[in-house]
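One structure is given below, encoded as structure tokens.
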Amino acid sequence: MIPRKNMGRVSPLLLILLALGFFFATYNLVTLIIHYRATTSSSFSISTSGSSSNGGGGSEWFDPVKESNLVKSGDRKFHVALTATDAPYSKWQCRIMYYWYKKMKERDGSEMGGFTRVLHSGKPDNLMEEIPTFVVDPLPEGLDRGYIVLNRPWAFVQWLEKATIEEEYILMAEPDHVFANPLPNLARGDLPAAFPFFYIKPAEHEGVIRKYYPEELGPVTNVDPIGNSPVIIKKSILEKIAPTWMNVSLRMKDDPETDKAFGWVLEMYGYAVASALHGVRHILRKDFMLQPPWDLEVGKKFIIHYTYGCDYNMKGELTYGKIGEWRFDKRSYLRGPPPKNLSLPPPGVPESVVRLVKMVNEATANIPGWETE
């Protein structure tokens with residue numbers, strides 16, 4: 001744990017929880033993706049209701065809140081915040097993300113407020129004048145054990161303590177998000193809104209989850225199938241959750257069974273569990289985000305998340321797991337930004353992938369000094 005003044009402290013109950021647990025589980029994201037591809041139909045079902053199938057084997061989302069029954073009120077502006085490093089790979093994604101934030105913010109239907117890149121490098125970089133940035137410290141050396149995402153909750157703890165944030169709500173976003181449509185505030189009062197991930201399955205890891213969320217607090221379904229991003233949440237509620245999120249994530253990483261079970265999505269489970277410990281449930285919005293190449297159309301969805309590689313042959317057929325004759329994969333550009341004017345996909349490639357590449361090309365064509373990064 002990282003001690004900090006006024007940071008808050010998890011209940012002593014969580015210390016006891018470190019001794020609990022007996023169930024061994026394994027987690028492999030690649031296997032999930034392969035299974036997902038094998039069981040999904042030609043499109044990924046998108047619904048705000050939470051009762052339709054998710055395309056991942058036909059199971060149903062548990063949606064704790066009926067969004068349509070909730071009433072909007074008061075100032076709806078939300079602050080967009082994303083955590084980032086000063087690596088070239090992170091920088092170019094942040095530049096594209098900020099470009100589309102500025103465009104979508106001004107369109108009808110948007111309730112976006114200010115923007116902050118929360119830079120957890122501990123020092124300023126060369127994007128300070130281009131993108132509104134707040135510099136925070138990284139975790140002490142070695143504490144993340146090579147899992148750099150653990151810096152995310154620690155970055156939010158520091159930012160929430162030190163920064164002046166005018167908006168009542170916050171959108172936690174990531175560098176590889178682009179706004180495809182103007183984003184309204186999907187939260188309702190004290191109920192935050194989140195995107196449900198098909199691979200976050202607390203019930204399938206109940207033995208591990210119970211180390212941090214004991215039975216006396218309720219069923220494991222109280223832990224929502226989400227990560228911290230994208231989430232729109234009241235600032236006052238996030239201030240309570242963030243220290244718990246950080247401490248739970250660090251404890252999870254320190255526990256070999258949990259680390260093996262959750263792998264690279266451990267910090268996502270950390271946020272989900274921390275929220276449940278504070279009694280916070282989320283409105284599950286499947287239209288919050290789409291993820292090419294699995295989601296085929298943008299439609300009225302709000303955010304394109306380009307975390308997966310998009311590989312196709314020249315017939316427009318997906319070759320996921322094998323480098324395609326045409327491809328767009330953010331990991332192809334670890335050392336520097338992608339070039340301007342990327343080639344468009346061949347005929348037959350889904351609209352979501354075509355739209356993503358066109359949006360990247362528009363941003364790179366209009367951001368000054370693009371290829372100098």
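Fair warning: this is a prediction, and the values are worked out from it, not measured in the lab.
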Do the charged groups of [X] and [Y] touch, with an N to O distance under 4.0 Å?
X: K235; Y: E167; result: no
X: E362; Y: K103; result: yes
X: E371; Y: K340; result: no
X: D259; Y: R145; result: no
X: D224; Y: R281; result: yes

Donor-acceptor contact below 3.5 Å, side chain D176 vs main chain H305: no

Within 6.0 Å of CD1 in I323, more than 12 heavy atoms from elsewhere: no

Of all pairs that satisfy salt bridge (charged side-chain N to carboxylate O under 4.0 Å, His left out), the ones with a partner from residues 147-156, not counting sequence neighbours: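 Every pair satisfying salt bridge (charged side-chain N to carboxylate O under 4.0 Å, His left out) with a residue in residues 147-156: R152-E174, R152-E267.
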
Any residue meeting side chain to side chain contact (heavy atoms under 4.5 Å, CB included) with P175, in chain and number order, not counting sequence neighbours: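 P175 satisfies side chain to side chain contact (heavy atoms under 4.5 Å, CB included) with L82, A84, S90, Q93, C94 once adjacent residues are dropped.
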
Path from M128 to V118 over hydrophobic side-chain contacts below 4.5 Å: no

Under 3.5 Å side-chain donor-acceptor pair for Y306 and Q291: no

Side chain to side chain, L183 and Y101, heavy atoms closer than 4.5 Å: no

Partner of Y271 under ring pair (Phe, Tyr, Trp, His ring centres under 6.0 Å), chosen from F156, F262, F197, W245: W245

Identified ring pair (Phe, Tyr, Trp, His ring centres under 6.0 Å) counterpart of H79 within the set Y169, W159, F115: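 Exactly one pass, corresponding to W159.
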
